[in-house]
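What follows is one structure encoded as structure tokens, with my remarks underneath.
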There are 2 protein chains.
Amino acid sequence: MDDTKTRIARNLDTQFASMGFAAPGVDSLRDGADVSLRTLYKYYPSRDAMVVGALEHRNTAYLDWISGGPETGIEHVLHIFNQLGAWLENVANTGCLFINALAAYPNDPEIRAVAERHKDAVRQVFADRVEKISPASDITMLAEALLSIHEGQTNMAMIRGAEAAQITALHLAQTLLQNEGIQ
Amino acid sequence: MDDTKTRIARNLDTQFASMGFAAPGVDSLRDGADVSLRTLYKYYPSRDAMVVGALEHRNTAYLDWISGGPETGIEHVLHIFNQLGAWLENVANTGCLFINALAAYPNDPEIRAVAERHKDAVRQVFADRVEKISPASDITMLAEALLSIHEGQTNMAMIRGAEAAQITALHLAQTLLQNEGIQ
DNA sequence: CTAATGGTAGAACGATCGTTGTACATGTGA
DNA sequence: TCACATGTACAACGATCGTTCTACCATTAG
């Protein structure tokens, strides 16, 4: 399961998260990936491909990270914000890797595609969780709003710290859901 | 008023916003700034200084952009989200320039400082506007939450479009304020 | 007329970039 | 034992990077 390509992708993810997309050269990425330059290029034949590989790894890693949690009540939805908070606190607090990649390469269609796919997936997680606890509510609107809170939390954490951002996001989400009669 | 240095800063802002911080080299920045390389380096003696100069320009430009609007009622606060929406629709929809800079140079203290200063200023705008229409409310909490919505709108616009992000942000802000008895 | 100011054009520098090449080591299945 | 897949180490390529250089032009105040 943990084959070479996956291990490289995980290390690339870590590297881009901590150094940004502009700074690290391929030599630095190879150091972080802990493989030879030849092997690195074998699996990711260009620096662009390394960026995309890191994003694809992050997509599955993050969706896995936010899975689980309480199965009933409003906590089933709020779990996402708690997990995001834990990620920002313990893994990396450098903003959303997808947004950062999109900002670094605004005109790259492949990066835009993988970023949109990821955000759609997170939005779908919110939609599924809202539907599970309140099938009659306006699920489309709520998923959109919850994703917006999620994005706000990610950005705010960079500026004001992970904990403060999490408290604010939880408060916003609770207010939103309770306003729809969900609790 | 529109001296050479200001004009350069405005053009650098535009350039970084449309191309990101990684891609454009100094030669490209000079093209966009529409001055000679010598003059560019005279006012901004390194590429890092050009980044900071663009951010400082953006700080004043954005604070100016969101000023004004209705003087009473909830619209006094919601004006900010309308103006942000108009910016994302008509000026640039490439995320927050400060967050993007922070993402590109995560370990640069000067860039971190100017980014934090900017977000503090926007938060203060929210605080002032909330206090003006509702002096008795929990201004600190509301300013923090409104800034979080503001950040969410900026990120969401990149993925789902400026208009959808604005509608969601307005809905969130209205729900938040009405929940505090403000309308 | 002169000197200073603030600008332009463009060549050139060393360093670093992304990428590819050659040469060699290791383990594994036939 | 042999072929082969998969890995390493590291030199080297041309291109591009940020930065500095020399040389020249236009305006204006003394």
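Note that the coordinates shown come from a computational prediction; the quantities given were computed from them, not determined experimentally. Protein chains get the first letters and strands the later ones, always in sequence-line order, with residue 1 at the start of each.
Rounded to an integer number of Å, the gap from A:Arg47 CZ to D:dT16 C1' is 14 Å. For the pair A:Asp34 CG and D:dT6 C1', the interatomic distance rounds to 16 Å; values are reported in whole Å. Between the CG atom of A:Leu29 and the C1' atom of C:dT16 there is a distance of 14 Å, rounded to whole Å. D:dA9 atom P lies 9 Å from atom CZ of A:Arg30, rounded to whole Å. Look at CG on A:Leu40: it is 12 Å from P on C:dT20, rounded to the nearest Å. Per the geometry, NZ belonging to B:Lys5 stands 18 Å off P belonging to C:dT5, to the nearest Å. Rounding to whole angstrom units, CZ of residue B:Phe21 and P of D:dG18 are separated by 14 Å. Between the P atom of C:dT8 and the CG atom of B:Asp27 lies a distance of 15 Å, rounded to the nearest Å.
Considering only side-chain N and O atoms, B:Thr4 lies under 4.0 angstrom from the phosphate OP1 or OP2 of C:dG7. At the phosphate of D:dT6, neither OP1 nor OP2 sits under 4.0 Å from any side-chain N or O atom of A:Thr39.
Across A:Leu176 and B:Thr175, no two heavy atoms sit closer than the pair CA-CG2, 4.3 Å. B:Tyr44 approaches B:Gly53 most closely through the heavy-atom pair CE2-CA, 3.7 Å.
With hydrogens and angles ignored, the 3.5 Å screen pairs a side-chain donor or acceptor of A:Thr168 with a backbone N or O of A:Ala164. Judged by distance alone, the side chain of B:Thr60 and the main-chain N or O of B:His57 form a donor-acceptor pair under 3.5 Å.
Heavy-atom distances to DNA chain D give each of B:Gly25 and A:Tyr43 a nearest nucleotide, and the one nearer the 5′ end belongs to A:Tyr43. Remark on DNA chain D: of its neighbouring residues A:Ser36 and B:Met50, the 5'-side contact belongs to A:Ser36, judged by nearest-heavy-atom nucleotide.
At a threshold of 4.0 Å, the pair A:Asp120-A:Arg117 does not count as salt-bridged, since none of the basic side-chain nitrogens sits closer than that to a carboxylate oxygen.
Here the side chain of A:Leu37 is nearest to one of D:dG18, D:dA11, C:dG18, namely D:dA11. Across C:dG18, C:dA9, D:dG18, the shortest atom-to-atom separation from the side chain of B:Tyr41 is found for D:dG18. Out of C:dT22, C:dT8, D:dG7, the shortest distance to the side chain of A:Arg38 is found at C:dT22.
Within 4.0 Å (heavy atoms only), B:Tyr44 reaches no atom of the nucleic acid at all.
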